[in-house]
K.L.:
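Here it is: the structure, laid out below.
First the proteins, then the strands, lettered A, B, ... as listed; each starts at 1.
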There are 2 protein chains.
Amino acid sequence: MTELTEKLSSCVMQRLARYYLCIQRLHEQGLEWISSQELALELDLTSSTVRQDISHLDFSGISKRGYELDKLQQTLRSVLGLDKRFATVIVGAGNFGRALLLHDDFREKGFDIKAILDKDPKLIGKRIESYYIQSVDKLTAVVKKNKVWIGVIAVPASAAQAVADQLTAAGVKGILNLSTANVQIPQGKVIINSRIILDFIQLAFYLNI
Amino acid sequence: MTELTEKLSSCVMQRLARYYLCIQRLHEQGLEWISSQELALELDLTSSTVRQDISHLDFSGISKRGYELDKLQQTLRSVLGLDKRFATVIVGAGNFGRALLLHDDFREKGFDIKAILDKDPKLIGKRIESYYIQSVDKLTAVVKKNKVWIGVIAVPASAAQAVADQLTAAGVKGILNLSTANVQIPQGKVIINSRIILDFIQLAFYLNI
DNA sequence: TAGATTGTTAATCGATTAACAATC
DNA sequence: TAGATTGTTAATCGATTAACAATC
């Protein structure tokens, strides 16, 4: 899989993730085969792009039939790493931290949330479903004990870098940053920035007359 | 502004939004000038890209000094449409719907949440801070009464298209889709897809050995 | 003035699309 | 077989970067 990770451009990979979600849905609905054209239509792409993307995979379609959903789904699952499970910790028990914790979709996709932490003494000890909010002081211990790979930064921008430093020092391999801060991390670690406010701003731009 | 909307590529525009957030933060911290190189460093870009992007704006830097944060921030604010206010409605009072409602950042940036709706009778009437969850049957009335421009889809993927149809029929101009469904909307309307699960999947991919 | 930094042009790089032979 | 659809090559398109004259 490592060669693929190196070969696939970030553009291609992001589309593969969308193919996966789309195919999973269609497959659940009972569909068994899909052509590059149909998949393109679903996702607002060209059939050329779809074929080009899928050609990167160790998987082939069949002329006149298209792609077998079941097999393609499995291939994508494995390429994207969704056949693994990732121990995850959420730092910040604000609205977004809680929403992530409560959202079953993440667990289903393989992201096991092991703990949620906060620095606010008023929140520490509070229960959210089966979790108790823990002190951020325990971050290192929690990461080590649970072999946590992914840390989610759900704190205000001003605290984001400090949290990122703690997370990487504790040994997480990747960070999902929900804050607006641009966080620096050591070489070899992975960071993905996920900021819904940027999507709102995009909308504002396109609606601006 | 309309000419700009047409000229700016989506890539450039997304970076402008990041510049805006970054500059806002630095300006609050008291910084007054920034060079293309410094801004590039903050956001992991090249100074060339930054200068190229800023050259699209009706704004100039000064040799040897760089860009005046105050003025650049104002220019970006106006280009991105953040000097306007957008009446917004949230459909779906699940974890994410509530998180958005409670997150002050959106209101600050100009997105006025007028109502939150759900179809679950158990949720309707429930209070979240100063809001009461309303029935999704009232969607059209709420949109019309409040001159809502933006609808946020925070319902499961299976219900997303129906909600999008209702929203556009009721007259919203843009949709922010948080569901994994790929929603189709009429020409002339704007849709932005915002799916945190895709960011998680990206992380899984890069962490996959 | 000398040096730094912008704004802009041209070159490079990469991503998307078109086209078509191979295949079922 | 005829027709449809893949896989792949080459062409196009667009985005990023390099380079440098203009400017402060």
K.L.:
Any salt bridge between B:Arg77 and B:Asp83, counting N to O under 4.0 Å?
P.N.:
no

K.L.:
Heavy-atom count check: over 12 atoms from other residues, nucleotides or ligands less than 6.0 Å from A:Gln14 CD?
P.N.:
yes

K.L.:
Does a salt bridge link A:Glu42 with A:Arg25, judged by any charged N lying under 4.0 Å from a carboxylate O?
P.N.:
yes

K.L.:
Using a distance-only test with no angle check, is there a side-chain donor-acceptor pair under 3.5 angstrom linking A:Arg51 and A:Ser47?
P.N.:
yes

K.L.:
Would B:Arg15 and B:Asp53 pass as an ion pair if we require N to O under 4.0 Å?
P.N.:
yes

K.L.:
Does the side chain of A:Ser60 get closer than 4.0 angstrom to OP1 or OP2 of D:dT6 through an N or O atom?
P.N.:
no

K.L.:
Counting only heavy atoms not in B:Lys119 (residues, nucleotides, ligands), do more than 12 fall under 6.0 Å from its NZ?
P.N.:
no

K.L.:
In whole angstrom, give the distance that lies between atom CG of B:Leu8 and atom P of D:dT16.
P.N.:
13 Å

K.L.:
Report the nucleotide, chosen from D:dG3, C:dA4, D:dG7, that has the shortest atom-to-atom distance to any side-chain atom of A:Lys64.
P.N.:
D:dG3

K.L.:
Quick one: is A:Arg15 getting a side-chain N or O under 4.0 Å of the C:dT16 phosphate, OP1 or OP2?
P.N.:
yes

K.L.:
Could you tell me the separation between the CZ atom of B:Phe59 and the P atom of C:dG7, rounded to a whole number of Å?
P.N.:
8 Å

K.L.:
Please tell me which of B:Ser36 and A:Ser10 maps to the more 5' nucleotide of DNA chain C, matching each residue to the nucleotide holding its nearest heavy atom.
P.N.:
B:Ser36

K.L.:
Could you state the atom-to-atom distance from CG of B:Leu39 to C1' of C:dT5 in whole Å?
P.N.:
14 Å

K.L.:
Take the protein atom CG of A:Asp53 and the nucleotide atom C1' of D:dT8, then report the distance between them rounded to whole Å.
P.N.:
14 Å

K.L.:
How would you label the contact of B:Ser47 with the nucleic acid (heavy atoms, under 4.0 Å): base, sugar-phosphate, or nothing?
P.N.:
nothing

K.L.:
Does any nucleotide pair with C:dT8 by Watson-Crick or G-U wobble geometry, both distances under 3.5 Å, and what is it?
P.N.:
D:dA19

K.L.:
Choose from D:dG7, C:dC24, C:dG7 the nucleotide whose nearest atom is closest to any side-chain atom of A:Ser63.
P.N.:
C:dC24

K.L.:
Give the nucleotide from the list C:dT17, C:dA15, D:dA15 with an atom nearest to the side chain of A:Cys11.
P.N.:
C:dA15

K.L.:
Tell me: CH2 of B:Trp33 to P of C:dT6, nearest whole Å?
P.N.:
11 Å

K.L.:
Where the side chain of B:Thr49 is concerned, which of D:dT16, C:dT6, D:dT6 is the nearest nucleotide?
P.N.:
D:dT16

K.L.:
Take atom CG of A:Asp44 and atom C1' of C:dT17, then tell me their distance rounded to the nearest Å.
P.N.:
16 Å

K.L.:
Rounded to whole angstroms, how far apart are CG on A:Leu45 and C1' on C:dA18?
P.N.:
16 Å

K.L.:
Rounded to whole angstroms, how far apart are CD on B:Gln14 and P on D:dT16?
P.N.:
10 Å

K.L.:
Taking the side chain of A:Thr46 as its heavy atoms from C-beta onward, which of C:dT17, D:dT8, D:dT6 lies nearest to it?
P.N.:
C:dT17

K.L.:
Give A:Ser48 one of three labels, base, sugar-phosphate or nothing, depending on what nucleic acid heavy atoms sit under 4.0 Å from its own.
P.N.:
base

K.L.:
Indicate, with a heavy-atom threshold strictly under 4.0 Å, whether B:Gln52 touches base, sugar-phosphate, or nothing.
P.N.:
base

K.L.:
OP1, OP2 of D:dA18 versus side-chain N and O of B:Arg51: anything below 4.0 Å?
P.N.:
no

K.L.:
Is D:dC24 paired to anything, Watson-Crick or G-U wobble with both distances less than 3.5 Å, and if yes, which nucleotide?
P.N.:
C:dG3

